[in-house]
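Beneath this line is the structure, given in C-alpha coordinates, with notes to follow.
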Amino acid sequence: DQQVKQNSPSLSVQEGRISILNCDYTNSMFDYFLWYKKYPAEGPTFLISISSIKDKNEDGRFTVFLNKSAKHLSLHIVPSQPGDSAVYFCAAREDNAGKSTFGDGTTLTVKP
Amino acid sequence: NAGVMQNPRHLVRRRGQEARLRCSPMKGHSHVYWYRQLPEEGLKFMVYLQKENIIDESGMPKERFSAEFPKEGPSILRIQQVVRGDSAAYFCASARDTQYFGPGTRLTVL
(Lines give C-alpha, C1' and ligand atoms only; values in the text may rest on other atoms or scores of the structure.)
Protein backbone atom coordinates (compact mmCIF):
# COMPACT_ATOMS: atom_id res chain seq x y z
CA ASP A 1 0.00 0.00 0.00
CA GLN A 2 1.54 3.22 -1.20
CA GLN A 3 1.00 6.04 1.26
CA VAL A 4 2.12 8.81 -1.11
CA LYS A 5 0.93 8.70 -4.69
CA GLN A 6 1.79 10.75 -7.72
CA ASN A 7 -0.71 9.53 -10.26
CA SER A 8 0.75 11.29 -13.29
CA PRO A 9 4.05 9.71 -14.36
CA SER A 10 4.70 12.55 -16.78
CA LEU A 11 3.63 16.08 -17.63
CA SER A 12 4.50 18.22 -20.62
CA VAL A 13 4.09 22.00 -20.53
CA GLN A 14 4.96 24.89 -22.80
CA GLU A 15 7.56 27.37 -21.60
CA GLY A 16 5.97 30.30 -19.81
CA ARG A 17 2.85 28.37 -18.83
CA ILE A 18 1.95 26.99 -15.44
CA SER A 19 3.01 23.49 -14.39
CA ILE A 20 0.82 21.77 -11.82
CA LEU A 21 2.09 18.60 -10.20
CA ASN A 22 -0.22 16.66 -7.94
CA CYS A 23 0.26 14.36 -4.99
CA ASP A 24 -2.18 12.41 -2.82
CA TYR A 25 -1.53 10.74 0.51
CA THR A 26 -3.40 8.31 2.71
CA ASN A 27 -1.69 8.55 6.10
CA SER A 28 -3.48 11.17 8.23
CA MET A 29 -0.48 11.23 10.58
CA PHE A 30 1.63 13.01 7.96
CA ASP A 31 2.12 16.59 9.05
CA TYR A 32 5.00 17.85 6.94
CA PHE A 33 5.23 17.73 3.16
CA LEU A 34 8.09 18.37 0.79
CA TRP A 35 8.81 18.59 -2.91
CA TYR A 36 12.11 17.53 -4.39
CA LYS A 37 13.46 17.94 -7.90
CA LYS A 38 15.80 15.35 -9.37
CA TYR A 39 17.98 15.35 -12.45
CA PRO A 40 19.38 12.08 -13.87
CA ALA A 41 22.45 10.76 -12.04
CA GLU A 42 22.03 13.28 -9.23
CA GLY A 43 20.45 13.21 -5.80
CA PRO A 44 17.09 14.88 -5.12
CA THR A 45 17.26 18.61 -4.45
CA PHE A 46 14.92 20.14 -1.90
CA LEU A 47 12.52 22.66 -3.45
CA ILE A 48 9.82 23.68 -1.05
CA SER A 49 7.93 22.36 1.94
CA ILE A 50 4.71 22.96 3.84
CA SER A 51 3.55 22.20 7.34
CA SER A 52 0.09 20.80 7.90
CA ILE A 53 -0.90 23.95 9.80
CA LYS A 54 -0.69 25.90 6.55
CA ASP A 55 -2.52 25.58 3.26
CA LYS A 56 -0.09 27.48 1.06
CA ASN A 57 3.61 28.23 0.90
CA GLU A 58 5.27 30.28 -1.79
CA ASP A 59 8.91 30.65 -2.82
CA GLY A 60 9.56 32.55 -6.01
CA ARG A 61 8.07 30.68 -8.96
CA PHE A 62 7.14 27.70 -6.77
CA THR A 63 3.97 27.46 -4.69
CA VAL A 64 2.77 24.44 -2.76
CA PHE A 65 -0.89 24.05 -1.82
CA LEU A 66 -2.15 21.65 0.82
CA ASN A 67 -5.73 20.44 1.16
CA LYS A 68 -5.75 18.38 4.35
CA SER A 69 -9.37 17.31 4.11
CA ALA A 70 -8.73 15.87 0.66
CA LYS A 71 -5.26 14.62 1.60
CA HIS A 72 -3.95 16.30 -1.49
CA LEU A 73 -1.12 18.66 -2.27
CA SER A 74 0.08 20.27 -5.42
CA LEU A 75 3.13 22.12 -6.67
CA HIS A 76 2.63 25.04 -9.01
CA ILE A 77 5.50 26.36 -11.09
CA VAL A 78 4.85 29.60 -12.89
CA PRO A 79 6.18 30.57 -15.31
CA SER A 80 7.66 27.24 -16.31
CA GLN A 81 11.15 27.25 -17.80
CA PRO A 82 13.00 24.59 -19.81
CA GLY A 83 15.46 24.23 -16.92
CA ASP A 84 12.59 23.02 -14.77
CA SER A 85 12.51 19.79 -16.78
CA ALA A 86 13.25 17.06 -14.24
CA VAL A 87 11.58 14.42 -12.10
CA TYR A 88 9.60 15.89 -9.21
CA PHE A 89 9.05 13.88 -6.05
CA CYS A 90 6.46 14.55 -3.42
CA ALA A 91 7.40 13.40 0.10
CA ALA A 92 5.67 13.34 3.48
CA ARG A 93 6.74 12.94 7.10
CA GLU A 94 5.02 12.24 10.39
CA ASP A 95 7.41 14.33 12.41
CA ASN A 96 10.14 16.83 11.87
CA ALA A 97 13.03 14.45 12.29
CA GLY A 98 11.62 11.26 10.89
CA LYS A 99 11.86 9.36 7.66
CA SER A 100 10.24 10.69 4.52
CA THR A 101 7.82 8.66 2.42
CA PHE A 102 8.17 9.40 -1.28
CA GLY A 103 5.87 9.17 -4.25
CA ASP A 104 7.12 7.58 -7.47
CA GLY A 105 7.73 10.92 -9.13
CA THR A 106 6.39 12.92 -12.05
CA THR A 107 8.63 13.68 -15.00
CA LEU A 108 8.09 17.28 -16.06
CA THR A 109 9.10 18.37 -19.54
CA VAL A 110 8.98 22.08 -20.33
CA LYS A 111 9.12 22.71 -24.05
CA PRO A 112 10.71 25.89 -25.38
CA ASN B 1 30.24 24.44 2.97
CA ALA B 2 30.30 21.03 1.33
CA GLY B 3 27.05 19.21 0.79
CA VAL B 4 26.36 15.58 1.53
CA MET B 5 29.13 13.42 0.11
CA GLN B 6 28.70 9.86 -1.03
CA ASN B 7 31.29 7.47 -2.35
CA PRO B 8 31.79 5.65 -4.47
CA ARG B 9 29.46 7.13 -7.07
CA HIS B 10 29.40 3.87 -8.98
CA LEU B 11 30.04 0.41 -7.60
CA VAL B 12 30.07 -2.88 -9.48
CA ARG B 13 29.99 -6.14 -7.57
CA ARG B 14 29.56 -9.77 -8.51
CA ARG B 15 26.90 -11.85 -6.82
CA GLY B 16 28.05 -12.96 -3.39
CA GLN B 17 30.47 -10.09 -2.82
CA GLU B 18 30.09 -7.34 -0.26
CA ALA B 19 29.21 -3.73 -1.02
CA ARG B 20 30.14 -0.82 1.25
CA LEU B 21 28.59 2.56 0.62
CA ARG B 22 29.79 5.65 2.45
CA CYS B 23 28.03 8.86 3.35
CA SER B 24 29.51 11.98 4.91
CA PRO B 25 26.78 14.32 6.15
CA MET B 26 26.80 18.07 5.87
CA LYS B 27 28.81 19.84 8.53
CA GLY B 28 26.79 20.20 11.69
CA HIS B 29 24.24 17.53 10.73
CA SER B 30 23.90 14.62 13.11
CA HIS B 31 21.01 12.82 11.42
CA VAL B 32 21.63 10.48 8.48
CA TYR B 33 19.03 8.68 6.39
CA TRP B 34 19.54 6.00 3.73
CA TYR B 35 17.11 5.49 0.86
CA ARG B 36 17.07 3.11 -2.08
CA GLN B 37 15.65 3.86 -5.51
CA LEU B 38 14.81 1.12 -7.96
CA PRO B 39 14.30 2.02 -11.63
CA GLU B 40 11.04 3.87 -12.34
CA GLU B 41 10.24 4.07 -8.64
CA GLY B 42 10.48 6.62 -5.87
CA LEU B 43 12.94 6.57 -3.02
CA LYS B 44 12.22 3.99 -0.37
CA PHE B 45 13.35 4.64 3.19
CA MET B 46 15.81 2.14 4.63
CA VAL B 47 17.30 3.41 7.88
CA TYR B 48 17.67 6.54 10.04
CA LEU B 49 20.74 6.97 12.22
CA GLN B 50 22.16 9.48 14.62
CA LYS B 51 25.74 9.32 15.83
CA GLU B 52 26.34 5.79 17.17
CA ASN B 53 22.61 5.02 17.25
CA ILE B 54 20.10 3.44 14.90
CA ILE B 55 16.85 5.34 15.38
CA ASP B 56 14.61 3.65 12.80
CA GLU B 57 15.53 0.66 10.67
CA SER B 58 12.02 -0.27 9.64
CA GLY B 59 12.92 -0.12 5.94
CA MET B 60 16.00 -2.31 6.11
CA PRO B 61 15.83 -5.87 4.78
CA LYS B 62 16.21 -8.25 7.69
CA GLU B 63 19.18 -10.07 6.23
CA ARG B 64 22.44 -9.03 4.58
CA PHE B 65 21.95 -5.28 5.15
CA SER B 66 23.44 -3.26 7.99
CA ALA B 67 24.20 0.38 8.68
CA GLU B 68 26.28 2.34 11.12
CA PHE B 69 27.13 5.95 11.88
CA PRO B 70 30.18 5.94 14.14
CA LYS B 71 31.25 8.76 16.39
CA GLU B 72 34.03 9.58 13.92
CA GLY B 73 33.86 9.10 10.20
CA PRO B 74 31.15 8.56 7.62
CA SER B 75 28.00 6.54 7.81
CA ILE B 76 28.35 3.12 6.18
CA LEU B 77 25.66 1.05 4.49
CA ARG B 78 26.89 -2.50 4.13
CA ILE B 79 25.33 -5.15 1.93
CA GLN B 80 26.69 -8.64 2.32
CA GLN B 81 26.44 -11.39 -0.32
CA VAL B 82 24.89 -9.08 -2.88
CA VAL B 83 22.28 -10.37 -5.31
CA ARG B 84 21.11 -8.91 -8.62
CA GLY B 85 18.02 -7.47 -6.96
CA ASP B 86 20.26 -5.21 -4.86
CA SER B 87 21.14 -3.24 -8.01
CA ALA B 88 19.77 0.24 -7.40
CA ALA B 89 20.70 3.80 -6.59
CA TYR B 90 21.35 4.31 -2.88
CA PHE B 91 20.92 7.83 -1.56
CA CYS B 92 21.99 9.25 1.73
CA ALA B 93 20.46 12.37 3.26
CA SER B 94 21.53 14.39 6.24
CA ALA B 95 19.40 16.77 8.23
CA ARG B 96 18.89 19.11 11.07
CA ASP B 97 15.27 19.38 9.92
CA THR B 98 15.01 19.35 6.12
CA GLN B 99 16.78 16.40 4.54
CA TYR B 100 19.49 17.23 2.02
CA PHE B 101 20.54 14.45 -0.31
CA GLY B 102 23.87 13.31 -1.60
CA PRO B 103 24.46 12.40 -5.26
CA GLY B 104 23.90 8.71 -4.65
CA THR B 105 25.82 5.50 -5.22
CA ARG B 106 24.74 3.41 -8.17
CA LEU B 107 25.26 -0.23 -7.33
CA THR B 108 25.32 -2.77 -10.13
CA VAL B 109 25.43 -6.44 -9.28
CA LEU B 110 26.60 -8.67 -12.11
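None of the values given here were measured: they were computed from a predicted structure. Here is how names work: the chains are called A, B, and so on, in the same order as the sequence lines, proteins then strands, and each is numbered from 1.
- If you tally non-hydrogen atom pairs under 4.5 Å between each of A:Ala91, A:Cys90, A:Ser100 and chain B, the highest count goes to A:Ser100.
- Using a distance-only test at 3.5 Å, with no hydrogens or angles considered, no donor-acceptor pair links the side chain of A:Glu42 to the main chain of B:Gly102.
- Residue A:Lys38 holds its NZ atom at 7.5 Å from CG of B:Leu43, rounded to the nearest 0.5 Å.
- Listed by chain and number, the residues in a side-chain hydrogen bond (donor to acceptor under 3.5 Å, both in side chains) with B:Glu41 amount to none (sequence neighbours excluded).
- If you chain together hydrophobic residues whose side chains sit under 4.5 Å apart, B:Leu107 and B:Leu77 fall into the same group.
- B:Val12 belongs to a hydrophobic cluster whose other members, connected by ILVMFWY side-chain contacts under 4.5 Å either directly or through intermediates, are B:Leu110.
- Annotation for B:Arg15: atom CZ does not count as buried by contact number, only 12 or fewer foreign heavy atoms lying within 6.0 Å.
- Among residues 44-61 of chain A, the residues having any heavy atom closer than 4.5 Å to a heavy atom of chain B are, in sequence order, A:Pro44, A:Phe46.
- Using a 4.5 Å cut-off between heavy atoms, B:Gln37 contacts chain A through its side chain alone, with no backbone atom that close.
- The most heavy-atom pairs under 4.5 Å with chain A, out of B:Ser58, B:Pro103, B:Cys92, come from B:Pro103.
- In the hydrophobic clustering of this structure, B:Met46 groups with B:Ile54; members are Ile, Leu, Val, Met, Phe, Trp, Tyr whose side-chain heavy atoms approach within less than 4.5 Å, directly or through other members.
- For B:Lys51, the NZ atom sits in a packed shell: over 12 heavy atoms of surrounding residues, nucleotides or ligands are nearer than 6.0 Å.
- Here B:Gln99 contributes atom CD and A:Arg93 contributes atom CZ; the two are 5.5 Å apart, rounded to the nearest 0.5 Å.
- Crowding of B:Gln17 atom CD: a count of heavy atoms from other residues, nucleotides or ligands under 6.0 Å exceeding 12.
- Each ring-ring contact (aromatic ring centres under 6.0 Å, His included) pair with one or both residues in residues 69-102 of chain B, not counting sequence neighbours, appears once here: A:Tyr36-B:Phe101, A:Phe102-B:Phe101, B:Tyr35-B:Phe101.
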Task: Verdict with supporting geometry, B:Lys44 and A:Thr101, side-chain hydrogen bond (donor to acceptor under 3.5 Å, both in side chains) - done: CA-CA 7 Å; B:Lys44 298 291 191 280; A:Thr101 300; over 6 Å; no
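- Residues A:Leu108 and A:Phe62 share a single hydrophobic cluster, defined by chaining ILVMFWY side chains whose heavy atoms lie under 4.5 Å apart.
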